[in-house]
There are 2 protein chains.
Amino acid sequence: MIKNKSINPITYHAPDGTPADPEVQKLVEELIGQVADKWTMIVLELLYEQGTLRFTELFRQIGGISQKMLTQTLRNMERSGFIQRTVYPVVPPKVEYQITELGLTLGEAFCGVWMWAEKNLKHVHTARKNYDEERSN
Amino acid sequence: MIKNKSINPITYHAPDGTPADPEVQKLVEELIGQVADKWTMIVLELLYEQGTLRFTELFRQIGGISQKMLTQTLRNMERSGFIQRTVYPVVPPKVEYQITELGLTLGEAFCGVWMWAEKNLKHVHTARKNYDEERSN
DNA sequence: CAGCATCCATCTAGATACTG
DNA sequence: CAGTATCTAGATGGATGCTG
């Protein structure tokens with residue numbers, strides 16, 4: 001990353017020094033926000049592992065999500081192109097969800113965070129423990 | 001990632017098939033949540049670029065954040081060990097914040113998401129546009 | 001300067017009930 | 001089965017005023 005003297009708005013830079021497009025910046029913030037909604041990553045993971053799942057199968061396997069939240073999560077993911085929704089015109093209804101190429105690569109992009117967490121789990125815990133102990137005295 | 005037949009709780013896997021520790025999983029979710037709080041990443045970036053900054057300098061450069069939120073963000077980041085807080089016993093008070101090694105590597109870990117966003121910006125926009133157009137008819 | 005305490009608007013998620 | 005609609009409790013963030 002390179003030095004940035006501009007006051008406002010903030011300009012992000014990649015580690016190699018390439019300044020980032022504001023649009024990219026906006027998308028990154030959206031992505032992180034979306035994934036942080038707590039259900040998106042779980043759905044992504046399940047579809048990553050199992051390819052295709054029906055609404056109720058997702059509902060059951062996630063466990064703890066409400067129907068409303070599952071629907072909302074799936075709609076947002078579909079809208080952004082991470083998953084594909086297929087409706088079969090049968091009675092009772094049958095709807096299948098499957099991960100797309102885009103969703104697949106997104107999952108992989110978050111992999112760096114996973115590896116960081118694995119590697120630094122203890123450092124973070126230690127830091128927090130030290131911090132908390134200092135305040136409690 | 002490998003197939004996972006367990007119903008609940010969900011077990012995450014790395015792309016190479018290594019099952020993830022529940023503790024790591026929890027930390028990943030926390031990290032993404034923390035970074036998604038909208039200010040953490042901005043602070044991380046500023047300290048990444050400029051090394052050390054005082055409270056008011058951060059406050060000014062971020063622009064739009066409230067003092068309360070800045071304080072809260074800085075405390076959380078300090079607690080997790082991403083930044084270091086140094087208080088100089090002078091009047092008026094002087095407090096400096098600087099990024100740690102841990103914070104530095106965390107920023108780099110999120111780089112994969114950045115690169116994904118850069119590469120797939122158009123795909124996402126197209127997907128969203130198509131989705132929105134289909135509903136408006 | 002660098003906070004903390006308090007109040008308040010808003011946004012969100014979950015529970016619940018209903019439907020093609 | 002796969003949703004939609006509605007209501008509400010709780011979390012979140014911003015504004016404001018005060019302080020060592």
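Values below: every heavy atom of this structure, side chains too, minus hydrogens, waters and symmetry copies. Letters go in sequence order (proteins before strands), and every chain restarts at 1.
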Atom [atom1] of [X] to atom [atom2] of [N]: distance rounded to whole Å?
{"X": "Leu53(B)", "N": "dC1(C)", "atom1": "CG", "atom2": "C1'", "result": "15 Å"}
{"X": "Gln67(B)", "N": "dC4(C)", "atom1": "CD", "atom2": "C1'", "result": "10 Å"}
{"X": "Arg75(A)", "N": "dA2(D)", "atom1": "CZ", "atom2": "P", "result": "11 Å"}
{"X": "Leu70(B)", "N": "dC4(C)", "atom1": "CG", "atom2": "P", "result": "11 Å"}
{"X": "Met69(A)", "N": "dC11(C)", "atom1": "CE", "atom2": "P", "result": "15 Å"}
{"X": "Phe59(A)", "N": "dG3(D)", "atom1": "CZ", "atom2": "P", "result": "12 Å"}
{"X": "Gln72(A)", "N": "dA5(D)", "atom1": "CD", "atom2": "C1'", "result": "13 Å"}
{"X": "Asp37(A)", "N": "dG14(C)", "atom1": "CG", "atom2": "C1'", "result": "14 Å"}

[X] side-chain N/O to [N] phosphate OP1/OP2 under 4.0 Å:
{"X": "Tyr97(B)", "N": "dG3(C)", "value": "yes"}
{"X": "Thr56(A)", "N": "dA2(D)", "value": "yes"}
{"X": "Trp39(A)", "N": "dT12(C)", "value": "no"}

Checking contacts here: which listed nucleotide ([options]) is nearest the side-chain heavy atoms of [X]?
{"X": "Pro93(B)", "options": "dA13(C), dC1(C), dA17(C)", "result": "dC1(C)"}
{"X": "Val95(A)", "options": "dG3(D), dA2(C), dG14(C)", "result": "dG3(D)"}
{"X": "Arg54(B)", "options": "dA2(D), dG13(D), dA2(C)", "result": "dA2(C)"}
{"X": "Arg85(B)", "options": "dC1(C), dG3(D), dA2(C)", "result": "dA2(C)"}

Hydrophobic cluster (4.5 angstrom, side-chain heavy atoms) - remaining members for Val90(B):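 Via sub-4.5 Å side-chain contacts, Val90(B) links to Tyr88(B).
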From CA spacing to verdict: side chain to side chain contact (heavy atoms under 4.5 Å, CB included), Phe110(B), Leu44(B): CA-CA 11 Å; Phe110(B) 271 97; Leu44(B) 203 65; 6.0 Å; no
Residue met sooner reading DNA chain C from 5', once Pro92(A) and Ile65(A) are mapped to nucleotides: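 Nearest-nucleotide comparison on DNA chain C picks Ile65(A).
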Donor/acceptor link under 3.5 angstrom from Lys68(B) side chain onto base of dA5(C):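 Absent.
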Thr40(A) side chain vs Ala36(A) backbone, donor-acceptor pair below 3.5 Å: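 Between the backbone of Ala36(A) and the side chain of Thr40(A) there is no qualifying donor-acceptor contact (under 3.5 Å).
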Side-chain touch Tyr97(A)/Met77(A), heavy atoms, less than 4.5 angstrom: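 No, too far: nothing below the 4.5 Å cut-off.
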Donor + acceptor pair across side chains of Gln50(B), Glu57(B) (<3.5 Å):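 Note: Gln50(B) and Glu57(B) side chains miss the donor-acceptor criterion.
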